[in-house]
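Below: the structure, in structure tokens.
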Amino acid sequence: MLRWKSIALRVQRILSIAILAALLLAISCDRDCPTAPPQPEDKGYNFYVLLRGAGQLGDQNSVYIFNTKQMAFVDSIPRDVLNSAYDYTDIEVAADERFLILSTSSFGPYHMTIINLITRQTVFERHGEIADVEVSPNGQFIAIQGIIPHLYLDAITFDTVTTDSGAGGGGAWDSTGNIFYSVRRRGGLSYIRRFDLTTKLALPE
């Protein structure tokens with residue numbers, strides 16, 4: 001009987017030591033082990049809506065901002081900021097929402113306006129040419145088509161990076177944001193024009 005009591009006491013001591021070791025390990029891990037960063041807050045996405053006529057939301061040529069989390073219009077850019085003397089038909093927004101581009105790609109008088117979305121100030125304008133605008137997904141370039149040659153602007157400074165005299169219409173960027181595709185017709189046939197902004201050269205059609 002005494003022998004069993006002795007064994008039980010030993011087992012109890014071993015269990016106590018094991019529990020104590022586990023507690024010390026847990027405390028040490030809480031202090032030293034890296035913890036996962038908190039998940040970023042889901043703020044939703046903003047959609048920019050160009051209102052071309054007077055209606056339920058307001059006056060002609062205003063821009064309204066719709067947030068997907070709040071499921072409501074959360075802001076607007078009034079017509080006086082947009083230089084609404086022009087009948088804008090196209091709207092483009094940089095992926096990081098640094099700027100917004102409005103252009104008259106369908107009706108004259110032709111005009112393009114770039115507005116800084118933080119300051120709400122016009123930072124670049126181009127007048128007198130059809131301007132169908134596409135912003136590259138990497139945020140580096142702006143393609144202005146609808147005119148020949150195509151113009152490519154730096155999306156930070158808005159300086160002209162290069163031009164492409166062989167471009168066509170209906171263009172779009174590839175997923176890298178470095179190659180611009182457009183459709184060019186010659187001799188009754190359609191060709192896909194590819195222009196590489198990293199080398200400023202056309203690729204094989």
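All values reported here derive from a predicted model rather than from experimental measurement.
Tyr110 and Ser103 share no side-chain donor-acceptor pair at under 3.5 Å. Looking only at atom types and distance, the side chain of Gln140 has no donor-acceptor partner in the side chain of Asp154 under 3.5 Å away.
Listed by chain and residue number, Phe99, Ile114, Val123, Phe124, Ile142 satisfy the side-chain contact (heavy atoms from CB on, under 4.5 Å) test with Phe158 (two or more places apart in sequence, or in another chain). Applying the side-chain contact (heavy atoms from CB on, under 4.5 Å) rule to Arg98 yields the partners Asp96, Ala155, Ile156; only residues at least two apart in sequence or on another chain are considered. Every residue two or more places apart in sequence or in another chain that forms a salt bridge (Lys or Arg N to Asp or Glu O under 4.0 Å) with Arg186 is listed here: Glu205.
Using cut-offs of 30° and 60° on the angle between ring planes, the pair Phe180 and His150 is perpendicular.
Note on Arg120 versus Asp75: salt bridge recorded, some NZ/NE/NH1/NH2 to OD/OE distance being below 4.0 Å. The pair Asp164-Arg193 counts as a salt bridge, with a side-chain nitrogen and a carboxylate oxygen less than 4.0 angstrom apart.
Heavy-atom minimum distance, Ser136 versus Gly177: CB-O, 3.5 Å. Nearest heavy atoms, Arg194 versus Pro204: NH2-O, 3.0 Å. Minimum interatomic distance between Phe66 and Phe73 (heavy atoms only, all atoms of both residues): CD1-N, 3.8 Å.
Proximity of a side-chain donor or acceptor of Gln145 to a complementary backbone N or O of Gly171 within less than 3.5 Å is detected.
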